[in-house]
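Since the model is a prediction, treat every value here as computed from it, not as a measurement.
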Number of protein chains: 2
Amino acid sequence: MYVDTTGVMAGATSTRIAASPCLVCPIRERAICAHLSDDALRNLLTRSRRIVLQRGETLIWEGDETLVVGTVRSGLLKLTSTMGDGREQILGLAFPGDFVGRPFGALAGSSITALTETALCLFRRHAFDALARDHPELQHALLLRTLDELDRARRWIVLLARKSAGERVATFLLEMADRAGAEDGEPIEIMLSRQQMADFLGLTIETVSRKLTHLRQARVVQLPDLKSFVILSRKALWNAAGDLDRLAA
Amino acid sequence: MYVDTTGVMAGATSTRIAASPCLVCPIRERAICAHLSDDALRNLLTRSRRIVLQRGETLIWEGDETLVVGTVRSGLLKLTSTMGDGREQILGLAFPGDFVGRPFGALAGSSITALTETALCLFRRHAFDALARDHPELQHALLLRTLDELDRARRWIVLLARKSAGERVATFLLEMADRAGAEDGEPIEIMLSRQQMADFLGLTIETVSRKLTHLRQARVVQLPDLKSFVILSRKALWNAAGDLDRLAA
DNA sequence: CGTGCGGTTGATCCGAGTCAAGCCAAGTGG
DNA sequence: CCACTTGGCTTGACTCGGATCAACCGCACG
């Protein structure tokens, strides 16, 4: 992990210079900063530092006190919980624009680890907490995100409690396609290894492999290489995901 | 469902009278109202109405627009999602003091139904949304609750993805014991039927029944009747729940 | 040219689901 | 008061889906 200090410390000297890294920020519009007042944004920026995690590096460990929170600028993180016997469950993924870390004091409920090289904009948690209390619009933005995350986690509960292995894999592919916003026929990158997919879906690596093979044999998807796929029939994939009823909606 | 209007409409006439139902509120200290300023509390109260749901009555349907949000005064609610084939998954329970409903516009991700006779303090969602925007402390309280709910949902993800049937049942009993705050040896009420436990744990009714029998035969718990249990060995129950490592913590 | 790693495929096993029967307590009606 | 029904729960026999164990493939890299 290295710290990218370009322009950050300059924040104290000039408002215009301070705001400049945000102006070129790749996720400026999607991040939690998007709806902040200029004042709040400057305030946040002067307390931020940008870092880059290498693949496999862990930002926060499950059970530790949360020292930092932040926004993902690029790359991909996983949120995981590990059971006593060592098996890990991926609780969620953090894409560019997502907020990570647990503000307001509770111990971290999950470890946060880079799956690819990942750039973040970090804030010390105490500073962020204080800033959130002073800036209702920041708190509001955080609340909206947290409510969405809760909805997403609950949808995952249904998947894990009630869906078969084949349905889980199909659902995963659809989610990746949604996130990527790709059309049918164009390749979509799977940023996870088979093991990580298994950890995400509550399955084993062998079952994931088999179910992918089945979808390929059924001509629902193509698998040009290990890290990408192409949807041949979105309808068939919805069907395989067990959500055909929701297709209407 | 009937509306209890005692003292509610009086709120418009006198501050002192308006606040009175809150003063005798059984969950005054635990509810979201607890940390509000007098001003915000009065404001909230004048926009509230108290209702009682009978067992089985549904407050909000999955997929509908959320018209009301509120606080549980007494009783027990379930949050559920139903799959295309009709099987339902319980996503969570709402105890007295808990906040229910999805503020800020998204469609309801789950149905909310009374498991026992349940009293609530309700607010029209739009009024609540507006009030939350004007009262940062209300929004802050809501954010803390939502963050806790998210942590809880993610722990449930681990349970559903990785725990065996026996571990799930043991974990459930421990959670009920925690919620009830009961000592070992004193009976704890199970407010759910076997079917509801199964819906909560992602199992079938038969499996729940068998695993409870095993715990009884192993002298870990007593089951004096269908709706209550007694913990004989908390340590053994932690062990059965697969969380023995966390006992140290 | 081996060696290691991630992935696939096959054979077998096991835990939880399914199907079916029976138990028990609480109605209900003759 | 007793026979009958009903609904929730338990128990047993069997099935099946996904885990486990093991062999193998293909590619990157020393």
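To the nearest angstrom, C1' of D/dC9 lies 12 Å from CG of B/Leu223. Atom NE2 of B/His214 is separated from atom C1' of D/dG12 by 12 Å (rounded to the nearest Å). Protein atom CG of B/Leu203 is 16 Å distant from nucleotide atom C1' of D/dG17, rounded to whole Å. Taking atom CG of residue B/Leu212 and atom C1' of nucleotide D/dT11, one finds them 14 Å apart after rounding to whole Å. Summarising the geometry, the separation between CG on A/Leu201 and C1' on D/dA19 is reported as 15 Å, rounded to the nearest angstrom.
Counting any heavy atom pair closer than 4.0 Å across all strands shown, A/Lys227 reaches no nucleic acid atom. At the heavy-atom level, A/Leu226 lies under 4.0 Å from the strands shown only through sugar-phosphate atoms. Counting any heavy atom pair closer than 4.0 Å across all strands shown, B/Gly166 reaches no nucleic acid atom.
Nearer the 5' end of DNA chain C, as judged by each residue's closest nucleotide, is the contact made by A/Ser209, out of A/Ser209 and B/Lys211.
At the phosphate of D/dT20, neither OP1 nor OP2 sits under 4.0 Å from any side-chain N or O atom of A/Thr204. Listed pair A/Thr207 / D/dA19 meets the phosphate criterion, a side-chain N or O lying under 4.0 Å from OP1 or OP2.
Residues passing the salt bridge (charged side-chain N to carboxylate O under 4.0 Å, His left out) test with A/Arg152 are A/Glu149, sequence neighbours excluded. Taking the side chain to side chain contact (heavy atoms under 4.5 Å, CB included) definition, one finds that B/Thr66 meets it with B/Ile60, B/Val69, B/Arg102, B/Ala108, B/Arg125, sequence neighbours left out. Residues forming a side chain to side chain contact (heavy atoms under 4.5 Å, CB included) with B/Leu107 (at least two apart in sequence, or on another chain): B/Glu65. With sequence neighbours left out, the salt bridge (charged side-chain N to carboxylate O under 4.0 Å, His left out) criterion links B/Arg145 to no other residue. With sequence neighbours excluded, the residues that form a salt bridge (charged side-chain N to carboxylate O under 4.0 Å, His left out) with A/Arg162 are B/Asp199. Shown here are the salt bridge (charged side-chain N to carboxylate O under 4.0 Å, His left out) partners of B/Glu186, two or more places apart in sequence or in another chain: there are none.
Contacts with DNA chain D (heavy atom under 4.0 Å) in residues 187-200 of chain A: none are found.
Within the structure, ring-ring contact (aromatic ring centres under 6.0 Å, His included) contacts touching residues 74-103 of chain B (residues at least two apart or in different chains) are B/Phe99-B/Phe128. Applying the side chain to side chain donor-acceptor pair (under 3.5 Å) definition to pairs two or more places apart or across chains, those involving residues 215-228 of chain B are B/Asp225-B/Ser228.
There is no side-chain donor-acceptor pair under 3.5 Å between A/Gln89 and A/Ser81.
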Give me the distances for all protein-to-nucleotides 21-30 of chain D N/O pairs that come in under 3.5 Å?
from   : atom 1 : to       : atom 2 : distance (Å)
D/dC21 : N4     : A/Glu206 : OE2    : 3.1

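For DNA chain C, the contact window with chain A, defined by any atom under 4.0 Å from a protein heavy atom, covers C/dG7 to C/dA11 in 5' to 3' order.
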With a 3.5 Å cut-off and sequence neighbours excluded, list the donor-acceptor pairs that the side chains of residues 168-182 of chain A form with protein atoms.
from     : atom 1 : to       : atom 2 : distance (Å)
A/Arg168 : NE     : A/Lys163 : O      : 3.0
A/Arg168 : NH1    : A/Leu201 : O      : 2.9
A/Arg168 : NH1    : A/Gly202 : O      : 3.4
A/Arg168 : NH2    : A/Leu160 : O      : 3.1
A/Arg168 : NH2    : A/Lys163 : O      : 3.3
A/Thr171 : OG1    : A/Lys163 : NZ     : 3.2
A/Thr171 : OG1    : A/Glu167 : O      : 2.6

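One finds the CG atom of A/Leu93 at 8.0 Å from the CG atom of A/Leu79 (value rounded to the nearest 0.5 Å).
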